[in-house]
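Just follow the structure's listing: the first ligand is 1, and inside any ligand the first atom is 1.
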Amino acid sequence: MSTDKTPTRSPPADRDGQVLRLYEQLLEIEQRLIPTGLHVFGRPSESVERADVLRMVASFDRPEAGARALTDLVAEGLGFSSYTKTTTQQISPEVLLAERERVDAIVAAGIREFVADGSEAAVSYLEKAANVKPQTSQQVFALLQTISEELSVNSELESLVRALRGEYIAPGPGADIVQNPSILPTGRNTHAINPYAVPSAVAFAHGEAVATSLLQRYYDENGRYPQAMALVLWGLDNIKTQGEGVAQALWLLGVCPVRDSLNRATGVEAIPLERLRRPRIDVVMTVSGIFRDLFSPTVQLLDKAVRLVASLEEPPELNYVRKHVREQIERESCDMDEAAVRVFSNAPGNYGTNVNFMVMDSQWEQEQTLGDLFVTRKCFAYGRDSHGQSIEGREARVAMDRALARVEATYQNIDTFEIGITDVDHYFEYLGGISNAVEKRAQSRPSIYLSDSLSRNVKIRSLEETVRLETRAKTLNPKWYEGMLKHGFRGVAEIENHVSNTFGWSATADAVDGWIYTEVARTFVFDETMLDRLRNLNPHSAHSLVRRLLEANGRGYWDVDQTTLEKLRDISRSLEDELEGVA
Ligand code: BEZ
Ligand code: MG
């Protein structure tokens with residue numbers, strides 16, 4: 001079981017550093033954008049949440065609207081160079097944080113001004129508060145005006161009725177609002193993207209920054225690069241980000257996409273080692289069934305990339321793909337087609353790992369069963385063999401076992417602020433499932449990382465850090481759970497889901513600190529008023545939540561004293577009686 005390290009007394013100089021790091025963490029939690037309620041079909045968003053969304057939209061450059069990031073405009077107006085550059089300049093962390101806080105406060109006030117009194121008021125406020133030139137901020141607020149108007153109307157119900165009548169529904173792109181505000185208005189026929197356009201130039205550029213930070217983080221923790229990594233790639237993510245996950249995989253391998261005369265990304269080219277200045281990483285890719293179906297040309301591209309890298313005449317210590325492929329061919333007398341398989345998914349027509357169902361239904365005894373199930377579901381190879389024959393889901397269990405046995409780090413990209421790793425059971429079924437499978441096959445727990453495309457600065461977090469952040473920002477945050485409880489029955493179900501999904505990270509990856517379960521119990525079960533609210537709104541979910549806590553204890557993920565345990569058991573029994581109509 002993981003627990004926070006006991007704090008030790010540190011020398012004064014370092015104590016200042018620790019206080020600063022703590023402060024940074026608090027800021028991170030405070031600034032994290034969280035949904036404070038569920039979307040109600042057919043209902044426009046409320047103005048408080050609208051202000052948060054507009055602030056996020058305004059924090060990015062919007063070249064398509066001729067608008068620059070408001071954070072940069074304010075930072076420049078105050079003479080701080082630029083908002084993101086401040087983080088890389090050689091100035092003290094205290095000054096840097098103070099500058100960022102000042103920028104953030106002015107931007108937030110500007111947005112509030114806009115929501116309350118309109119564009120002109122906001123433009124004039126920013127000119128006074130931070131010398132932002134009106135002609136530059138006007139562009140930003142013109143965009144925010146359009147978005148704000150589109151957020152105030154909602155024709156989802158009308159469109160649904162039209163769809164049921166078989167009438168035409170105008171199309172609209174699929175993304176989240178911060179990544180692509182042109183998804184508005186909602187209630188349109190969502191379309192994906194052209195897979196041949198993936199990864200886009202923007203996604204590829206961003207992919208480099210993420211891959212570099214990811215490898216740097218591993219290097220800092222281990223003093224060397226990982227020889228092999230396992231990545232999870234999802235369809236909807238790569239639609240929304242135009243292929244950021246794909247771009248990250250290509251960067252780790254050290255290749256770039258090559259576009260043909262029709263501008264389709266159908267080829268790959270090796271990035272020279274002198275430019276890369278690090279080894280090429282062996283990448284095992286598990287793609288979802290949705291990705292496999294939507295991104296068939298991309299699956300081919302990824303497989304092509306692995307084969308290209310395996311064929312490069314480079315020293316083994318700078319090309320781990322080639323090193324591993326050659327070792328396997330020699331050791332097992334197999335051919336290239338067996339040794340170079342790296343793109344796996346479900347059997348054709350199949351979807352999902354079922355790891356989430358096994359966890360939710362408590363249908364397992366040993367943790368490693370979960371990783372074995374993952375491999376059973378996902379061990380189907382896709383790509384092309386050395387004769388150019390397409391491989392469409394050939395069962396390749398041994399190849400997958402071999403590939404996973406070398407993995408030292410696992411990783412998944414989070415594409416949106418709307419859904420995090422404890423909101424749905426899919427993150428733990430995939431990233432948790434593959435990490436669990438690696439642990440058994442490599443006989444060592446991999447480093448597990450996530451990154452999100454939610455802020456402008458690339459941030460790589462360990463799984464444990466991400467679980468803590470999400471727990472503090474959502475599950476244990478009164479703003480979040482009170483927002484959920486406004487939805488009554490469904491809201492309690494959401495709280496219970498979060499607890500169960502958190503439990504999923506214990507089951508698959510042992511990544512949940514004991515204090516998290518203690519605080520969940522304190523907040524939702526041992527607070528009598530809260531327990532009454534939950535039981536009145538949704539006794540089924542209240543009961544499941546208590547049972548999940550008992551299961552966390554029973555399986556050894558949460559140490560708890562006997563009195564507390566008895567109290568939990570009593571509450572569980574009383575809820576059960578109530579559900580069965582005994583009470
Ligand atoms: C996907 O977009 O590929 C995906 C969505 C939900 C669950 C798993 C995968
Ligand atoms: Mg689902």
Side-chain angles (χ1 to χ4, degrees), residues 35 38-39 173-176 179-180 183 190-195 197-200 203 230-249 283-302 343-360 370-371 373-380 382 392-393 410-437 448 450-454 463 466 470 494 497-498 500-502 504-505 507-509:
L38 300 167
H39 173 67
D176 80 45
Q179 275 153 346
N180 184 2
I183 61 151
T190 307
H191 61 75
I193 47 166
N194 171 6
V198 160
S200 70
L231 264 55
V232 172
L233 294 174
W234 282 358
L236 300 181
D237 268 50
N238 281 283
I239 289 173
K240 290 194 231 172
T241 61
Q242 310 211 358
E244 270 189 20
V246 173
Q248 291 158 9
V283 184
V284 186
M285 291 155 275
T286 318
V287 313
S288 70
I290 299 181
F291 186 103
R292 171 204 59 202
D293 294 352
L294 293 178
F295 287 102
S296 176
T298 318
V299 166
Q300 297 298 335
L301 191 76
L302 291 168
V343 186
F344 297 93
S345 188
N346 296 84
N350 258 313
Y351 301 85
T353 72
N354 291 355
V355 169
N356 46 342
F357 301 130
M358 198 180 246
V359 170
M360 289 304 176
L370 301 169
L373 176 62
F374 182 93
V375 174
T376 302
R377 296 282 298 170
K378 286 284 174 188
C379 66
F380 297 83
Y382 287 81
E392 291 285 337
T410 58
Y411 166 76
Q412 184 165 3
N413 185 51
I414 300 185
D415 70 298
T416 169
F417 67 87
E418 289 172 316
I419 299 172
I421 65 163
T422 55
D423 286 298
V424 291
D425 53 5
H426 300 306
Y427 282 105
F428 81 73
E429 70 157 320
Y430 272 86
L431 184 63
I434 198 162
S435 303
N436 187 293
I448 311 173
L450 292 123
S451 73
D452 57 46
S453 340
L454 319 184
L463 173 60
T466 314
E470 283 230 358
E494 283 297 320
N497 269 346
H498 272 251
S500 285
N501 293 332
T502 304
W505 289 114
T508 53

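Shown in contact with G235 at under 4.0 Å from a heavy atom are these atoms of ligand 1, numbered in order with element: 1 (C), 2 (O), 3 (O).
Side-chain contact between R292 and L233: absent, with no pair of heavy atoms (C-beta onward) separated by less than 4.5 Å. You'll find the side chain of T298 reaches within 4.5 Å of the side chain of F291, heavy atoms only.
Looking at every heavy atom in both residues, T410 comes nearest to S435 through OG1-OG, 2.9 Å.
The distance criterion of under 3.5 Å between nitrogen or oxygen atoms is met by L236 with respect to ligand 1. Between S288 and ligand 1, at least one N/O pair is under 3.5 Å apart.
Of the candidates E429, K240, H426, the one placing a heavy atom closest to atom 7 (C) of ligand 1 is H426.
Residue W234 forms a ring pair (Phe, Tyr, Trp, His ring centres under 6.0 Å) with just one option from F295, Y430, Y351, and that option is Y430.
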